[in-house]
Amino acid sequence: MHRRPLRSLIGVLVVSALACTACSSAIKVVPFDGADADETCLRLADQWPTTVGGQSARVTAVDSTTVAAWGDPAIIARCGAPILGPTTDPCLDIAGIDWVAVPLDDGVRFTTFGRDPALEVLVPDAYSPEPLLMPAFSSVAQTVEQTLGQCSS
């Protein structure tokens with residue numbers, strides 16, 4: 001079985017908390033290319049949860065509603081992820097949403113399966129077990145119809 005190398009949650013997302021007292025506590029998150037022009041992502045962005053796993057929303061240091069963050073360390077969500085094709089990575093049905101879970105060095109990357117555009121959520125190890133946070137994103141993910149297939153059991 002061919003496995004992708006594990007990457008740092010921070011490196012994969014190009015996410016960094018600005019950590020100096022003179023700096024803002026905003027989270028830097030890079031939106032996916034084209035997400036800010038995608039009508040579905042813009043509509044979805046109006047429905048980000050106010051809290052995730054009891055963690056409050058954080059300010060992001062980017063002018064894009066297609067990204068969001070909660071807690072410290074930050075749980076990151078972005079709309080417009082590349083559509084997933086067949087994969088050997090675990091695909092989980094969590095609260096009626098199919099998520100592909102990819103372990104990273106410091107957390108788990110969840111990507112919706114069968115939805116275009118895809119939603120990506122990065123959950124740091126500090127929130128283990130990570131799947132317990134995913135129901136917070138169910139109503140957001142449901143705004144994108146599942147038309148490209150489902151997880152197979």
Run the side chain to side chain contact (heavy atoms under 4.5 Å, CB included) test on Val123 and Met134 for me, step by step, so that the C-alpha distance in whole Å, both residues' side-chain angles and the decisive distance to 0.1 Å come before the verdict. CA-CA 9 Å; Val123 181; Met134 299 315 293; 4.2 Å; yes
Asp38 and Asp36, any side-chain heavy atoms less than 4.5 Å apart: no
Hey, does Cys151 have a side-chain heavy atom less than 4.5 Å from the side chain of Asp93? no
Write down the atom of Gln150, the atom of Phe113, and the distance for their closest heavy-atom approach. O-CE2, 3.5 Å
Quick one, Trp99 and Phe137 - any side-chain contact, counting heavy atoms below 4.5 Å? yes
Within the side chain of Tyr127, is there an N or O that forms a donor-acceptor pair under 3.5 Å with the backbone of Gly71? no
Measure across Ala101 and Phe110 and return the closest heavy-atom pair with its distance rounded to 0.1 Å. CB-CE2, 3.7 Å
I'd like to know if the side chain of Arg78 and the backbone of Val30 have a donor-acceptor N/O pair within less than 3.5 Å. yes
Tell me, do Ile27 and Val59 make a side-chain contact under 4.5 Å, heavy atoms counted? no
Within the distance-only criterion (no hydrogens, no angle test), does the side chain of Arg115 pair as donor or acceptor with the backbone N or O of Ala141 below 3.5 angstrom? yes
Can you confirm whether Ile75 sits close enough to Pro124 that some side-chain heavy atom of one is under 4.5 Å from a side-chain heavy atom of the other? yes
For the residue pair Ala118 and Ile83, what are the closest heavy atoms and their distance? N-CD1, 3.7 Å
Check: Ser128 side chain, Glu130 main-chain N or O, donor-acceptor pair, under 3.5 Å: no
For the side chain of Gln146 and the backbone of Gly149, is there at least one donor-acceptor N/O pair under 3.5 Å apart? yes
Checking Cys91 against Asp98 for the side chain to side chain contact (heavy atoms under 4.5 Å, CB included) test, could you report, in this order, the C-alpha distance in whole Å, the side-chain angles of both residues, the deciding distance, and whether it holds? CA-CA 6 Å; Cys91 191; Asp98 289 341; 4.2 Å; yes
Would a distance-only check, ignoring hydrogens and angles, find a side-chain to backbone donor-acceptor pair under 3.5 Å from Asp125 to Gly107? yes
Under 4.5 Å between side-chain heavy atoms, hopping through other hydrophobics if needed: is there a path connecting Leu133 to Leu92? yes
Are the side chains of Lys28 and Val62 in contact, using a 4.5 Å heavy-atom criterion? no
Test your reading of the model: is there a side-chain donor-acceptor pair from Trp70 to the backbone of Pro49, 3.5 Å cut-off? yes
Is any side-chain heavy atom of Val144 less than 4.5 Å from a side-chain heavy atom of Leu119? no
